[in-house]
Amino acid sequence: MSFFFFIICFFASIVGAICGIGGGVIIKPVLDATGVLDVSVVSFLSGCTVLSMTAYSVAKSRFGGESELDLHISFPLAAGAAGGGLLGKWLFSLVKSMSGDPDRVGAVQAGCLLAVTAGTLVYTLLKHNIKTHQVRNRLVCILIGLILGVMSSFLGIGGGPVNLVLLFYFFSMSTKTAAENSLYIILFSQITGLLQSIVTQTVPVFAVGTLLVMVAGGIGGGICGRAVTKKMKDETVDRLFIGLMILMIAINAYNIVKFL
């Protein structure tokens, strides 16, 4: 079973590092579909795995002199995402306490993720015909980051495809620049979400060995993903992203039926 967790996190993080979606958008629904762990445990472990991968990727870019971040935009986005991470964790706890049924919580998450993924796919296919903007106002950047942080933390996916859509639309970023900014945003939202779980003592019970294996897979995938993305064109990344969205729509549709 440990090998299974490692492989899922490893390949998810490779794709996540290339596309800037963190890998959680793959890890979360795939593990939910297998039913090997409780929904709350999957959300927490997925978030930790994404955190480890993004921490490596962001640090490597910054200290390796390869970063294309514009901190005038990126930092307010990340600050908003940090606050969104706290709000998203609170919303998850609220939905969990109101339902009392882990399967129903999983169905809500799968439904939200399906809607987000489908919307992202439609935008990606039509983006060449959509006028984009170049937002520079820091308050607007914070608000956008807040929305991204809430979705990231609530869904337990780290960041997901919606990050890229909003970065494309509001900031006219190229695919690779949006991917780097997305990972930067994910890092902040996941750190605050993890700290909130620790402080409020809402960390679910899980096997430490499982966490270590998943984190190892996440970091290993991040290393490989960074190496691969340097050799890929934006058009290739876009095609990979579209294929991934189609696969995730199918998996989340299955999860909705499974949980209900």
Non-hydrogen atoms of [X] and [Y] that approach each other most closely:
X	Y	answer
I18	L240	CG2-CD2, 4.0 Å
S197	F44	CB-CE1, 4.2 Å
L71	P76	O-CD, 3.4 Å
T192	A81	OG1-O, 4.4 Å

[Y] side chain reached by [X] side chain, heavy atoms, under 4.5 Å:
X	Y	answer
T236	K233	yes
F259	V105	no
F92	S40	yes
D38	P204	no
I14	F11	yes
M245	T124	no
C48	M214	no
S46	L31	no

Using the test salt bridge (Lys or Arg N to Asp or Glu O under 4.0 Å), find all partners of [X] that sit at least two apart in sequence or belong to another chain.
X	result
R136	D70
D234	none
D238	K127

Give a yes or no on whether L94 and L86 share a hydrophobic cluster (residues Ile, Leu, Val, Met, Phe, Trp, Tyr; joining criterion: side-chain heavy atoms under 4.5 Å apart).
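No, separate clusters.
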
Apply the test side-chain hydrogen bond (donor to acceptor under 3.5 Å, both in side chains) to residues S174 and T177: give CA-CA distance (whole Å), side-chain angles for both, the deciding distance (0.1 Å), then the verdict.
CA-CA 5 Å; S174 67; T177 300; 3.0 Å; yes

Are the side chain of Q109 and the backbone N or O of F154 linked by a donor-acceptor pair below 3.5 Å?
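At least one qualifying donor-acceptor pair exists.
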
Using only atom types and a distance under 3.5 Å, with no angle test, would you say the side chain of S153 pairs donor to acceptor with the backbone of K89?
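At least one qualifying donor-acceptor pair exists.
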
Kindly state each residue pair satisfying side chain to side chain donor-acceptor pair (under 3.5 Å) with at least one member in residues 245-260, sequence neighbours excluded.
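Counting only pairs at least two positions apart or across chains, no side chain to side chain donor-acceptor pair (under 3.5 Å) contact touches residues 245-260.
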
If we ignore angles and hydrogens, is there a donor and acceptor under 3.5 Å between the side chains of S43 and K28?
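There is such a pair (donor and acceptor under 3.5 Å, judged by atom type) between the side chains of S43 and K28.
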
When Ile, Leu, Val, Met, Phe, Trp and Tyr are grouped by side-chain heavy atoms lying under 4.5 Å apart, directly or through other members, which residues fall in the same group as L212?
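L212 shares its hydrophobic cluster with V208.
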
Contacts of type ring-ring contact (aromatic ring centres under 6.0 Å, His included), residue F170, not counting sequence neighbours
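F170 satisfies ring-ring contact (aromatic ring centres under 6.0 Å, His included) with no residue once adjacent residues are dropped.
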
Any chance you could measure L167, atom CG, to S172, atom OG, to the nearest 0.5 Å?
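Output value for this atom pair is 11.0 Å.
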
Once you round to the nearest 0.5 Å, how far does CD1 of I7 lie from OG of S2?
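So the CD1 of I7 and the OG of S2 are separated by 12.0 Å.
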
Centre-to-centre under 6.0 Å for H133 and Y169, is that the case here?
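When the ring centroids of H133 and Y169 are compared, they turn out to be within the sub-6.0 Å range.
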
